Every structure is written in structure tokens, then in C-alpha cells.
Asker: 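I am attaching a structure below and will ask some questions about it afterwards.
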Amino acid sequence: MKIEIQITTDAIAENAQAGVQHGEVGAWAEFRGLVRGEEDGQPIAALEYEAYLPMAEREMRRILGELSARHPCLAATIIHRIGVVPVGEAAIYIGVAARHRAAALALVAEFMDRLKQDVPIWKRRALTAAELKAN
Amino acid sequence: MKIEIQITTDAIAENAQAGVQHGEVGAWAEFRGLVRGEEDGQPIAALEYEAYLPMAEREMRRILGELSARHPCLAATIIHRIGVVPVGEAAIYIGVAARHRAAALALVAEFMDRLKQDVPIWKRRALTAAELKAN
Amino acid sequence: MKILFFAHLRDATGCAEVERTFGVVDAAGLWQKLISEFPALEKSRASVRLARNGEYVDPGAQFSDADEVALIPPVSGG
Amino acid sequence: MKILFFAHLRDATGCAEVERTFGVVDAAGLWQKLISEFPALEKSRASVRLARNGEYVDPGAQFSDADEVALIPPVSGG
């Protein structure tokens, strides 16, 4: 499986391509986790994320390797945004290309579960509108 | 849940938006089923799809209503292409926006299973490169 | 009654749609009439589901001449 | 040994990274030294996982002064 991982402070592009190969790919599953407008019941304007960078990337690669043994896929692109992510924007993107849909959908769902257990990335703090403006 | 369904002979746009509402949506899951370059072991250039149109749309709406009771989501967009769909292009698109990822991912996966059981749409025939050119 | 054929059933019957006057029939009665007219439908019967006015029917359903009836072979969308 | 703190552990210790010479220690020994220097870490101990050179360690792991050790509180990415 072709793997591309980015951990970046840039906004995640609207339609990152998962290295899709013409004719071989029958299924293309994508997921974006977006920052919601409230955290613990309080309105927020942004979340700030922090990562242990080399380990976060290594863990993601390890998890993808493990999962792709059970769910054979052709390509996976992961983008995790760090730093300040405004409400409505994506903090995480995963795009998976596979021959068949079951593998692609399972890889996306299980990767997200594992990300939230094992990958050293943290929501560091919530920013109010005033804090976001001042940022 | 806001539902939008299209059954169309047009190519499916690269990034159809699932009626995402700023701030409320925490999860956005998308799936595309693409035409692969072989069918029953033979190389093909396209597939031709046929639908029983009003019933296909009604069935999709019924399935989405049933599934969203178990997996609460905010919006779903379905586009199924019919007529001739060349290899590498999408025959089906589903985009689901939800507060939480589990509901969005489950709705996408279960909708695709149900589509392939119940929605009156058929792969009518495979076209070779020469047939596609003549089409 | 308008009767619609899809996918390979169009090849079996040679048409996409026929209009027939059958009165009120149940599924068995409908199949009997259709197969007597289109014998090639016989081998698809076990795999075909019936829809009436755009919805799959329950086993006990009745069909009347005002209905649009569709023969739905196994679907293969997506 | 380079020791990295993340998320709220940075607030607890007041720093992101320290360099210490502990010799060879196991997890219990490491925690003892860290808690004696940063008592606020005590209450996080049960929820924190240890990583050595960018990988989670097994319970029996040893840490030496050449290692980069990270204290990983419960993660919350995505």
C-alpha cells in the first residue's frame, strides 16, 4: 500500500487525492474530522493541536501497515493539521483507495479509532473568538 | 437529516458538498465507487448503468431514513450516475455530514450495502474501448 | 396494468414495458400470465422481486390493472 | 536522557523538555526520579504511557541516558 502522511499547520485542501490509479481502484473512501463550534458545552472559535511529530508520523505508518494486512488497500493519504484550526475546518483527513469498498471503508473507520487511542497528537486548548483574532 | 439525491447521466463532480453546516458538523465521510478496468477477468473501457428511476430514488430515500434512525446524521448527498460510465470515473458518490464520526462512517458503509441489495439500478453491460469510442 | 422489465429481462422478453389487462391477480397469478406469454421469464422467477407502484411488495400482495408493476432482477448498482 | 512532556504535562512541569543523567532505569525508577523533581506528575502517572525513541515501550523496558523518552498523556487527535 502506498502511504502518504503529512502533519502540517496549513489548511487541509478541499480534495486531497489518495494516489488513485486509473482502472485499478474501485473504491475511494474519505473522511474529514472538522472542528465543531463547541467544546464541553462552551462556544469556541478554534482548537489548537500539538503533536510529538516524528512519533506521530511513525505511529500512523505503523497503524496503517497493521490495518492494511487485514484490509488490503492500494493507497492511503493522511493529513493531520496542527496549530490553530478554526471551527468548520478539518483537523484530520484520510483518503483511502482500494479495489473493493469493504476494505477501504474498514481501513478508514479503524484508522480513526486507532488514531484516537495511540497517535501522540493532542487538542491543547480551545480558543474563543477574541483569542483567535489575537492569535 | 437533510437528504439530496441525484440520478444523472452527468459525470460526478470531484467534490460534491454534503450540505455541511459550519460549526455543527464534526465528521464528513465520503465514498465513491469507481468503474474498474476489468469485469469478470476481461479488460473493459466502461460500464453502462440502467435505473428504474422513481423507485431507485424512493428506495434510496427510504434506506437513508431507516439508517439515520440508528446513525443520526445531519445531511446526506447521494449521486448515482447512469448511462455509460468510463473506467476510472465514479458510478456512485455518497457524502455524509454528522456531529460524530461513528454515525457518519456507519451510514456510508450500511447505505452502500443496502444500495447493492435493494436499489433498482443495474450494470447493464460492459463496453470495450472500441464500443466506448463508437458510443 | 403496466408491466416494466429491466436489465436482462428486457432481453428475455424483447421489450422494456407492456400494457396488459389481467384484472386482480396475486403474485402467482401474475407470474403464470407472464410466463405463458414470455416463457424465457421462467428461469428468472426465483431471483426476481416484484414492485408495485415503485415499492417492493409483500408476498400476499394483489395487483390490479391500475398498477405499475416492475420485475426487479438482482440489482447491481454502485 | 532527553525527556519530553506534552499537553497538560507541560503545565505540570513548566517545561517541554529536560535533559537528565539517570543511568539505566526501568519505568518505575524513571517515574520515581521524575516525580521527586516534578511532584505534579504524580496524579497523571496512571494515565501516561511512556515512549522511548519514538515508540511505546513494553512494561519491562529499560531507559538509558542515550534515549529520548516521552511522557504521552491520553491523546486527543483527529
Side-chain angles (χ1 to χ4, degrees), chain A residues 5-9 12 30-36 39-40 44 47-66 78-85 89-95 108-126, chain D residues 1-20 22 25-27 30-31 33-35 37-38 40-78:
Chain A
I5 294 174
Q6 294 174 40
I7 300 176
T8 171
T9 55
I12 295 177
E30 297 178 280
F31 177 81
R32 286 171 178 80
L34 312 179
V35 175
R36 293 174 62 213
E39 181 83 356
D40 301 328
I44 66 164
L47 285 173
E48 186 172 4
Y49 286 84
E50 168 186 315
Y52 178 18
L53 273 183
M55 180 171 171
E57 180 175 337
R58 187 188 299 191
E59 272 294 302
M60 289 194 222
R61 213 171 274 280
R62 195 180 61 74
I63 292 167
L64 286 173
E66 233 181 275
I78 314 281
I79 309 173
H80 203 301
R81 189 167 168 191
I82 53 174
V84 172
V85 185
E89 297 189 14
I92 175 87
Y93 167 85
I94 170 168
V108 167
E110 293 183 24
F111 179 83
M112 288 302 303
D113 289 345
R114 296 289 302 275
L115 173 86
K116 283 166 184 280
Q117 283 164 25
D118 291 336
V119 177
I121 299 178
W122 298 269
K123 288 182 183 70
R124 187 69 172 98
R125 63 176 181 133
Chain D
M1 171 184 314
K2 189 196 277 186
I3 302 155
L4 308 179
F5 304 107
F6 291 98
H8 64 270
L9 302 183
R10 293 192 174 175
D11 305 325
T13 62
C15 52
E17 178 178 331
V18 296
E19 188 78 42
R20 292 290 179 273
F22 288 161
V25 288
D26 63 6
L30 179 68
W31 275 111
K33 287 177 188 294
L34 289 173
I35 289 168
E37 183 173 352
F38 305 108
L41 286 178
E42 172 88 64
K43 69 174 192 301
S44 299
R45 179 173 175 172
S47 65
V48 166
R49 296 160 77 183
L50 297 174
R52 187 187 54 210
N53 303 322
E55 289 185 27
Y56 290 115
V57 297
D58 294 323
Q62 304 271 320
F63 303 85
S64 77
D65 288 336
D67 290 333
E68 175 176 291
V69 178
L71 275 64
I72 312 279
V75 303
S76 53

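A quick note: this is a predicted structure, and the numbers were derived from the prediction, not measured.
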Asker: Can we call the ring centroids of D/Phe5 and D/Phe38 under 6.0 Å apart?
Answerer: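 Here the rings of D/Phe38 and D/Phe5 have centres that are less than 6.0 Å from each other.
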Asker: Using non-hydrogen atoms and a 4.5 Å limit, figure out which bit of A/Pro54 sits close to chain D: side chain, backbone, both or neither.
Answerer: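 For A/Pro54, no heavy atom lies under 4.5 Å from chain D.
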Asker: So, for D/Gly78 and A/Leu115, which heavy atoms are closest and what is the spacing to 0.1 Å?
Answerer: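 Taking D/Gly78 first and A/Leu115 second, the nearest heavy atoms are CA-CD2, 3.7 Å.
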Asker: Heavy-atom pairs under 4.5 Å with chain A - which of D/Asn53, D/Val75, D/Leu4 has more of them than the others?
Answerer: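 Maximum pair count with chain A is reached by D/Val75.
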Asker: Run through A/Arg81, A/Arg125, A/Arg124 and flag the one making a salt bridge (Lys or Arg N to Asp or Glu O under 4.0 Å) with A/Glu48.
Answerer: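 Single salt bridge (Lys or Arg N to Asp or Glu O under 4.0 Å) partner of A/Glu48 among A/Arg81, A/Arg125, A/Arg124: A/Arg125.
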Asker: Of the backbone (N, CA, C, O) and the side chain (C-beta and beyond), which part of A/Glu59 lies under 4.5 Å from a heavy atom of chain D, both, or neither?
Answerer: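 Just the side chain, heavy atoms under 4.5 Å.
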Asker: Over all heavy atoms of both residues, which pair between A/Ile44 and A/Ala126 is shortest? Give the atoms and the distance, please.
Answerer: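 Heavy-atom minimum between the residues: CG2-CB, 3.7 Å.
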Asker: Please identify, among A/Leu47, A/Val119, A/Asp118, the residue contributing the most non-hydrogen atom pairs under 4.5 Å to chain D.
Answerer: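 Winner by heavy-atom pair count: A/Asp118.
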Asker: With a 4.5 angstrom heavy-atom cut-off, which part of D/Pro74 approaches chain A: side chain, backbone, both or neither?
Answerer: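 When you check distances to chain A, only backbone atoms of D/Pro74 fall under 4.5 Å.
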Asker: So among A/Glu30, A/Gln6, A/Arg32, which one has a side-chain hydrogen bond (donor to acceptor under 3.5 Å, both in side chains) with A/Tyr93?
Answerer: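 Testing A/Tyr93 for a side-chain hydrogen bond (donor to acceptor under 3.5 Å, both in side chains) against A/Glu30, A/Gln6, A/Arg32 leaves exactly one candidate, A/Glu30.
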Asker: Of all the heavy-atom pairs spanning D/Ala27 and D/Leu50, show the shortest one and how long it is.
Answerer: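 Smallest heavy-atom distance, with atoms named: CB-CD1, 3.8 Å.
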Asker: Need one label for A/Ala51: side chain, backbone, both or neither, based on atoms under 4.5 Å from any heavy atom in chain D.
Answerer: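 Contact with chain D is through the backbone of A/Ala51 alone.
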Asker: If I measure from the heavy atoms of chain D, does A/Tyr49 come under 4.5 Å with its side chain, its backbone, both, or neither?
Answerer: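 The side chain, not the backbone.
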